[in-house]
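See structure below.
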Amino acid sequence: MEEENLPGIVFEETPTRLYPNGIFASHLIGYAALPSGEETDVSSTDLTGMMGIELAYDDLLKGTDGKKIYQKDSFGYVIPNSEVETTEPVNGDDIYLTLDKRMQVYLENVMSEVDEKYNPAMMTATLINPETGAIIATSQRPTFNGTTKDGIDQLWQNVLVENTYEPGSTMKILTLASAVSEGVFDPNAYFQSGVKNVTGGSIHDHNPDGWGTISYLEGLARSSNVAFANLMEKMGADTWQEYMNAFGIGQTTNSGLANEAKGSIAYNYPLEQANTAFGQGLTVTAFQMLQAFTAIANDGKMMKPQFISKTVDSDTGEETIVEPEVVGEPITEEVADQTLEYLKEVVYNKNGTGVDYQIEGYEIAAKTGTAEIVNPETKQYYSGGTDYVYSVAAMAPADDPKVILYITVQQPEIKDGSTTGSGVVKEIYHPVMKRALEYLALGEDEESEENAVEMPKVTGISKDEALKSLEGTQLNVTVVGNGDTIVQQLPLSAETTIENQRVVLMTNGAMTMPDMMGWSKNDVLKVSEITGLEFIFEGEGYVVSQNLEPNANMQSTDKITIKLETPQE
């Protein structure tokens, strides 16, 4: 340094927000940065929310700086006996989300795989608890890495609330419920499928020749547009419009997130009115649809989608719980139950469009969708190929739904013809819905176990303190990272697990690879969930090798390969 006449090394402190999970509901959570966008700018040192929850709750998170006002001499010292006016700082509050970290990480991994494989123009998947409106997991593509900001230039929109689209046949869930409510849905009545002439044009089924004269129950299973245009006509245009309003279509959900859109309903002419019955000619947001679906799955009570479970005053520890909010009751409990029963036909009728959405051991109520998209250049609908929004709204278990999974995939690129657009949706649906239902069952089982252990809170304390507090629990504890403070834990605090189960703790240091020899696949997945890293498995059984050595830096690789073998092998 002396030879080069260097002045030395100067350290400057600049604030930053840590997003240790990388891609993790990134557009919903958003991010905070210095207002200038340049971390070296010392003129402003307040982190400011730029999108998502970070922006919506910026004032709550930020707090208020303290300050001192005093007189000083020419050397910068306080003048003796002069008055000093001090304002103490007010710390920002803590916000706890409704997201289940295990499901969120798993959903992100599935979405990344599907995105890489099919490169859709846009894609969303959201798992919601219909009884409370709490969002369990949600993801969109394109997305970005919260830590590196990689991908943030692809799409700034929070697609859940800002993007509007024509929902297609998933809208028939609401039409069906309305028709049942009005007493005009007779499952055993018959109609002529294929085409229906309406003033101003005609309505066509996706099979232009139709299926002959069929029952309305079969029309539901086959997703007949003609059947639903007939139902709208039986209700009357004014009545159907009242139901759409009651379900919140064309209105924001008042999420509090920036730029939430209302959508629109073209409803001036008979053809436009008929089109809305099967989800064309109107636009919605994903939040609107999720909110409406909760009424079907929750005994007629429509729940506001929520992503915050509570806020905590960081100084006093006082908690403010965000209570579930009923925002309407568009149908009765009896109508909701009957609608769920009918929706099972979509999945279990031999002619149903949702037969591939069955999951062994559970009954599913669902509706699929394939919505046309308007070409922005020609202002006409695209025709052919995969220029559609493919979707599914599934509720499970069907007799008393605990989860709704709503997926939309826009214009996937399918090159070999071996997969359909709806097939892309299934590649998200099956692993995510199965995992969600497994977690529900696991929670029920664990509550009845005599050797159940309630996981204590060990985040925010030193590694040594955490390990000491877990000594008597008979849990198998693994620490990821070389730091001295625990920043994340799995299971979460107050969750119930059972003795001898693996607990994963992550420190504030660099993430280091555990020695996984002999581990089960489920234990490895816990590390994947808490770190947000992708693990590739070869074989079945227990770990016999890992491509990253124990104690190696896990962030030095994108994917970690684990080889499994059964004991017999």
Side-chain angles (χ1 to χ4, degrees), residues 130 133 164-187 189 191 196 198-200 203 216 219-220 224-255 260-305 325-343 367 369 371 393 395 404 406:
T164 60
Y165 58 96
E166 298 189 31
S169 290
T170 50
M171 186 71 180
K172 292 173 182 174
I173 294 174
L174 309 185
T175 315
L176 173 64
S178 304
V180 172
S181 181
E182 288 299 300
V184 300
F185 181 78
D186 181 350
F191 72 98
K196 174 183 175 66
V198 178
T199 302
I203 304 296
Y216 275 92
L220 166 63
S224 165
N225 291 341
V226 171
F228 282 84
N230 287 344
L231 291 175
M232 192 284 299
E233 196 174 75
K234 289 175 185 289
M235 282 188 283
D238 290 343
T239 299
W240 168 230
Q241 188 174 35
E242 289 173 4
Y243 275 103
M244 283 193 288
N245 289 336
F247 278 114
I249 304 303
Q251 307 157 39
T252 75
T253 65
N254 295 313
S255 66
E260 181 174 1
K262 289 183 178 180
S264 61
I265 304 175
Y267 210 73
N268 294 319
Y269 305 104
L271 181 60
E272 292 177 335
Q273 294 162 356
N275 285 339
T276 62
F278 50 88
Q280 298 286 171
L282 78 166
T283 61
V284 298
T285 65
F287 252 39
Q288 272 180 10
M289 295 297 281
L290 286 162
Q291 179 173 276
F293 294 150
T294 63
I296 313 301
N298 188 43
D299 299 332
K301 293 181 176 64
M302 189 165 68
M303 308 304 294
K304 180 178 179 177
E325 182 179 347
V326 179
V327 291
E329 295 187 48
I331 54 175
T332 66
E333 180 179 349
E334 291 73 22
V335 169
D337 290 344
Q338 188 61 68
T339 301
L340 286 170
E341 190 66 29
Y342 288 142
L343 287 173
K367 186 70 195 77
M395 308 173 193
I404 300 172
Y406 181 44

Who pairs with Gln251 by side-chain contact (heavy atoms from CB on, under 4.5 Å), at least two apart in sequence or on another chain? Asn245
Indicate the atoms forming the closest heavy-atom contact of Ala237 with Gln273, along with that distance. CB-OE1, 3.5 Å
Determine, stepwise, if the pair Lys301 / Glu333 fulfils salt bridge (charged side-chain N to carboxylate O under 4.0 Å, His left out). CA-CA 8 Å; Lys301 293 181 176 64; Glu333 180 179 349; 5.9 Å; no
Treating Ser181 as the side-chain partner and Ala177 as the backbone partner, does any N or O pair qualify as donor plus acceptor under 3.5 Å? no
Any side-chain heavy atom of Pro187 sitting closer than 4.5 Å to one from Leu220? no
Taking every heavy atom of Met302 against every heavy atom of Pro330, the minimum-distance pair comes out as CB-CD, 4.1 Å
Test log, rule side chain to side chain donor-acceptor pair (under 3.5 Å), inputs Ser169 and Lys172: CA-CA 5 Å; Ser169 290; Lys172 292 173 182 174; 3.1 Å; yes
Heavy-atom donor-acceptor pair, Glu272 side chain to Asn268 backbone, under 3.5 Å: yes
Within the distance-only criterion (no hydrogens, no angle test), does the side chain of Ser224 pair as donor or acceptor with the backbone N or O of Ala227 below 3.5 angstrom? yes
How long is the straight-line distance from CD of Gln338 back to CZ of Phe185, given to the nearest 0.5 Å? 8.5 Å
Ignoring hydrogens, what is the shortest heavy-atom contact between Pro305 and Gln291? Give both atom names and the distance. CD-OE1, 3.4 Å
Between Phe191 and Tyr216, how do the two ring planes meet: parallel, tilted or perpendicular, split at 30° and 60°? tilted
Can you tell me how far CG of Asn275 sits from CD of Glu166, rounded to the nearest 0.5 angstrom? 8.5 Å
Check for a donor-acceptor pair, side chain of Glu260 on one end and backbone N or O of Thr253 on the other, with a separation under 3.5 Å. yes
Side chain to side chain contact (heavy atoms under 4.5 Å, CB included) assessment of Thr175 paired with Met235: CA-CA 10 Å; Thr175 315; Met235 282 188 283; 4.2 Å; yes
Nearest heavy-atom approach of Ala336 to Ile296 is CB-O, 3.5 Å
Side chain to side chain contact (heavy atoms under 4.5 Å, CB included) assessment of Glu182 paired with Tyr243: CA-CA 10 Å; Glu182 288 299 300; Tyr243 275 103; 2.6 Å; yes
All pairs passing ring pair (Phe, Tyr, Trp, His ring centres under 6.0 Å) where residues 263-301 contributes a residue, at least two apart: Phe293-Tyr406
Taken to the nearest 0.5 Å, the spacing of Thr294 OG1 from Ile404 CD1 works out to 6.0 Å
Checking Asn254 against Lys304 for the side chain to side chain donor-acceptor pair (under 3.5 Å) test, could you report, in this order, the C-alpha distance in whole Å, the side-chain angles of both residues, the deciding distance, and whether it holds? CA-CA 9 Å; Asn254 295 313; Lys304 180 178 179 177; over 6 Å; no
Taking Thr283 for its side chain and Tyr165 for its backbone only, find out whether a donor-acceptor pair lies under 3.5 Å. no
Using 0.5 Å steps for rounding, measure from the CG atom of Asp299 to the OG1 atom of Thr332. 9.5 Å
Donor on one side chain, acceptor on other, Thr276 and Trp240, under 3.5 Å: yes
In Å, rounded to the nearest 0.5 Å, how long is the span from OG1 of Thr339 to CG of Leu176? 5.0 Å
Are side-chain heavy atoms of Met395 and Asn298 found at a separation under 4.5 Å? no
Quick one: do Met244 and Met171 satisfy side chain to side chain contact (heavy atoms under 4.5 Å, CB included)? Show the steps, please. CA-CA 10 Å; Met244 283 193 288; Met171 186 71 180; 4.0 Å; yes
Pairwise distance NZ(Lys234) to CE(Met232) - rounded to 0.5 angstrom: 12.0 Å
List the atom of Ala274, the atom of Ala229, and the distance in Å for their closest heavy-atom pair. CB-CB, 4.3 Å
Is there a side chain to side chain contact (heavy atoms under 4.5 Å, CB included) between Thr170 and Met289 once you walk through the steps? CA-CA 9 Å; Thr170 50; Met289 295 297 281; 3.8 Å; yes
Using the side chain to side chain contact (heavy atoms under 4.5 Å, CB included) definition, which of the options Thr252, Ile249, Thr164, Leu290 pairs with Thr285? Thr164
